[in-house]
Student: 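What follows is a structure written as structure tokens; I'll ask about it next.
No experiment lies behind these values; they were computed from the predicted model shown. Just so it is clear: chains get the letters A, B, ... in the order the sequence lines come, proteins before strands, and each one is counted from 1. These numbers come from the heavy atoms of this one structure, side chains and all, not from hydrogens, waters or symmetry mates.
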2 protein chains.
Amino acid sequence: MSLRHILLGLLDQPQSGYDLKQVFEQVFRHFWSAELAQIYPTLRRLEEDGLSRSKQVPSDKGPDKKLYKRTAQGTRELKRWLESGPTAGKDRLHYLAQVFFLDAASRDQRLRFFKDLRSHFVAELEELRAVERGWSAEDPHYPDALPDEAFYKQLTLRLGLKKVAAIVDWCEECIAVIEKRE
Amino acid sequence: MSLRHILLGLLDQPQSGYDLKQVFEQVFRHFWSAELAQIYPTLRRLEEDGLSRSKQVPSDKGPDKKLYKRTAQGTRELKRWLESGPTAGKDRLHYLAQVFFLDAASRDQRLRFFKDLRSHFVAELEELRAVERGWSAEDPHYPDALPDEAFYKQLTLRLGLKKVAAIVDWCEECIAVIEKRE
DNA sequence: GGCCCCATGTAATGGGTTACATGATTGC
DNA sequence: GCAATCATGTAACCCATTACATGGGGCC
């Protein structure tokens, strides 16, 4: 039930489903994604449950927007979620499942696999670094002296960087060892 | 559609759904999990599709077992999966979503959050290290000189160790910085 | 005219969890 | 007698993705 809470977290200021989708694409890229087909019904349920309220406003371009905003009850629920402790669910790493059985693939395919994986994560790392450069150029207090609202958001980026760097590192090691074995 | 392929990968030797569940719990812990309620129907579909075959055998304890084994067609499908390139899906890191909004929680709760997170991952790291010790004690060729069947399986463990270590590291940093800010 | 962006939604399907149902054997 | 482990399954539900449907506005 986390999407519900993430939307709740974002509904500090009035936003439409379409607006929120942009946030997922631009800000949450490294740890969450959501489709409009999931966002719209979730927003509706949030309103039905009294955790948010919406009003229809005309848009500059296209049809009317439906702007949702968190209610006081919504803020209470958001806090409850945050204070219920960290939820560390089990990941499902598809590519690790593939590595586990990789001895069944042909020799070239094995190296190829790790090289493809490496370029995927190198690209992701580059993206994250670009985001970091943007943030640090924007605010002289980056990273540790940021105000609370920005400080905690920035922490998520720092884990992204560390984790992806670890994966790239592992890919390099794997490639080197596999080449040596042959 | 990865569970299908993981089961296929494991059905090298005849195994029951119940047996396979143990593998998820013991071997795949750090990158996959599956419930019996999902395993049984998937095995049935695998057989319907001609990718595996089963035979019923009496068990020492409890009711008859249904042992599944991969067919030649199943092996071809497994290879196809491995050679289709790495599938790096988008993770959903619930705890990072919480960190993103953590400025909305009270001050003690924020530190508490990271300390809880740290103990969770410290425990996971300890588990992984125990597995590693077991493997290295068992085989003098560990890790780089292992035969293919064991070598690639071991690589998944190495990424687990690196990633979890990176997360613990990040937790430490976060705790230190938050304490300094106050 | 065609394409992309804005904006909202529904329907079908897939993947996964929780709860429920059944029943034998082993060990305390 | 009771709990745990062995063993297989079904049903209801939840979360998420893909595909489909609608329509206005701006740009080339």
Side-chain angles (χ1 to χ4, degrees), chain A residues 1-8 10-11 14-26 28-29 31-49 52 54-68 81 87-94 97, chain B residues 1-8 10-11 14-26 28-29 31-49 52 54-68 81 87-94 97:
Chain A
M1 294 272 273
S2 278
L3 178 64
R4 219 176 134 80
H5 290 109
I6 293 172
L7 293 178
L8 216 47
L10 293 172
L11 290 180
Q15 285 182 91
S16 69
Y18 196 88
D19 295 338
L20 292 162
K21 170 68 175 158
Q22 316 298 313
V23 177
F24 283 97
E25 273 168 12
Q26 289 156 28
F28 289 168
R29 305 188 93 264
F31 66 92
W32 208 278
S33 70
E35 300 302 322
L36 283 169
Q38 203 193 347
I39 294 172
Y40 288 128
T42 306
L43 285 172
R44 194 170 55 79
R45 248 169 289 132
L46 236 36
E47 189 165 26
E48 281 166 12
D49 297 348
S52 77
S54 72
K55 55 177 172 182
Q56 204 125 356
V57 297
S59 163
D60 331 353
K61 300 173 155 203
D64 282 5
K65 278 174 166 254
K66 216 165 153 182
L67 296 181
Y68 289 83
W81 177 57
T87 49
K90 21 204 165 180
D91 325 339
R92 284 193 163 73
L93 301 180
H94 296 245
Chain B
M1 293 275 273
S2 278
L3 177 64
R4 218 177 135 78
H5 290 109
I6 293 172
L7 294 176
L8 215 47
L10 292 172
L11 290 180
Q15 286 181 92
S16 69
Y18 196 88
D19 295 338
L20 292 162
K21 169 67 174 159
Q22 317 298 314
V23 177
F24 284 97
E25 273 168 12
Q26 289 156 27
F28 289 169
R29 306 186 94 262
F31 66 92
W32 208 278
S33 70
E35 299 302 322
L36 283 168
Q38 204 193 346
I39 294 172
Y40 287 129
T42 307
L43 285 172
R44 195 170 54 80
R45 249 170 286 132
L46 237 37
E47 189 164 25
E48 283 166 11
D49 297 348
S52 78
S54 73
K55 56 175 171 185
Q56 204 127 354
V57 297
S59 164
D60 332 352
K61 302 173 156 201
D64 282 5
K65 278 171 164 253
K66 217 164 153 184
L67 297 181
Y68 289 84
W81 177 57
T87 49
K90 22 204 164 177
D91 323 339
R92 282 195 164 75
L93 301 180
H94 296 245

Student: Using whole Å, what does the distance between atom P of nucleotide D:dT22 and atom CG of A:Asp64 come to?
Tutor: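 So the CG-P distance, A:Asp64 to D:dT22, works out to 19 Å.
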Student: Could you work out which one of D:dG9, C:dT10, C:dT17 sits closest to the side chain of B:Tyr68?
Tutor: D:dG9
Student: Mind calculating the distance between OH (B:Tyr40) and P (C:dC20) to the nearest angstrom?
Tutor: 19 Å
Student: Mind checking whether A:Trp32 and B:His94 have parallel, tilted or perpendicular rings, split at 30° and 60°?
Tutor: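 Because their plane-to-plane angle is over 60°, the rings of A:Trp32 and B:His94 count as perpendicular.
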Student: Take atom CD of A:Glu25 and atom C1' of C:dC5, then tell me their distance rounded to the nearest Å.
Tutor: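 Between C1' of C:dC5 and CD of A:Glu25: 12 Å.
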Student: Nearest whole Å is fine: how far is C:dG15 C1' from B:Phe24 CZ?
Tutor: 13 Å
Student: By nearest nucleotide on DNA chain D, pick out whichever of B:Asp60 and A:Ala34 is the more 5' one.
Tutor: B:Asp60
Student: Using whole Å, report how far CD of B:Gln15 lies from P of D:dT8.
Tutor: 11 Å
Student: Taking the side chain of B:Pro63 as heavy atoms from C-beta outward, which of C:dT8, D:dA7, C:dT17 is closest to it?
Tutor: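 Within the option list, the nearest is D:dA7.
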Student: Taking for each residue the nucleotide of DNA chain D with the nearest heavy atom, is it B:Leu36 or A:Met1 whose nucleotide lies nearer the 5' end?
Tutor: B:Leu36
Student: Nearest 0.5 Å please: distance from the OH atom of A:Tyr68 over to the CG atom of A:Leu46.
Tutor: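 The distance works out to 9.0 Å.
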Student: Specify the closest pair of heavy atoms between A:Ser33 and B:Arg92, including all atoms of both residues, with the distance to one decimal.
Tutor: O-NH2, 2.6 Å
Student: Is the phosphate of C:dT8 approached by A:Lys66 (side-chain N or O, under 4.0 Å from OP1 or OP2)?
Tutor: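 No, outside the criterion.
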Student: Rounded to whole angstrom units, what separation is found between the OH atom of A:Tyr18 and the C1' atom of D:dT22?
Tutor: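 Rounding to the nearest Å, OH of A:Tyr18 and C1' of D:dT22 are 15 Å apart.
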Student: Does A:Gln38 have a side-chain nitrogen or oxygen under 4.0 Å from the phosphate oxygens OP1 or OP2 of D:dT17?
Tutor: yes
Student: Which heavy atom in A:Leu43 sits nearest to a heavy atom in A:Ser52, and how many Å separate them?
Tutor: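 What the structure gives for the nearest pair is O-OG, 4.2 Å.
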Student: Considering non-hydrogen atoms only, spot the tightest contact between A:Ser16 and A:Lys65 and give its length.
Tutor: OG-NZ, 3.7 Å
Student: On DNA chain C, nearest-nucleotide positions of B:Leu3 versus A:Arg44: which is more 5'?
Tutor: A:Arg44
Student: Taking the nucleotide of DNA chain C with the nearest heavy atom to each, does B:Arg45 or B:Ala37 sit closer to the 5' end?
Tutor: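 Final value for this comparison: B:Arg45.
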Student: How close or far is atom C1' of C:dT18 from atom CD1 of B:Ile39, stated in whole angstroms?
Tutor: 15 Å
Student: Using a 4.0 Å heavy-atom cut-off, does B:Arg92 contact any base of the nucleic acid, only the sugar-phosphate backbone, or nothing at all?
Tutor: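 It contacts sugar-phosphate atoms only.
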Student: Looking at A:Ser59, I'd like to know whether one of its side-chain N or O atoms comes within less than 4.0 Å of OP1 or OP2 on C:dC6.
Tutor: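 No, A:Ser59 has no side-chain N/O under 4.0 Å of OP1/OP2 on C:dC6.
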Student: B:Lys90 has an atom NZ; how far is it from atom C1' of D:dT18, in whole Å?
Tutor: 11 Å
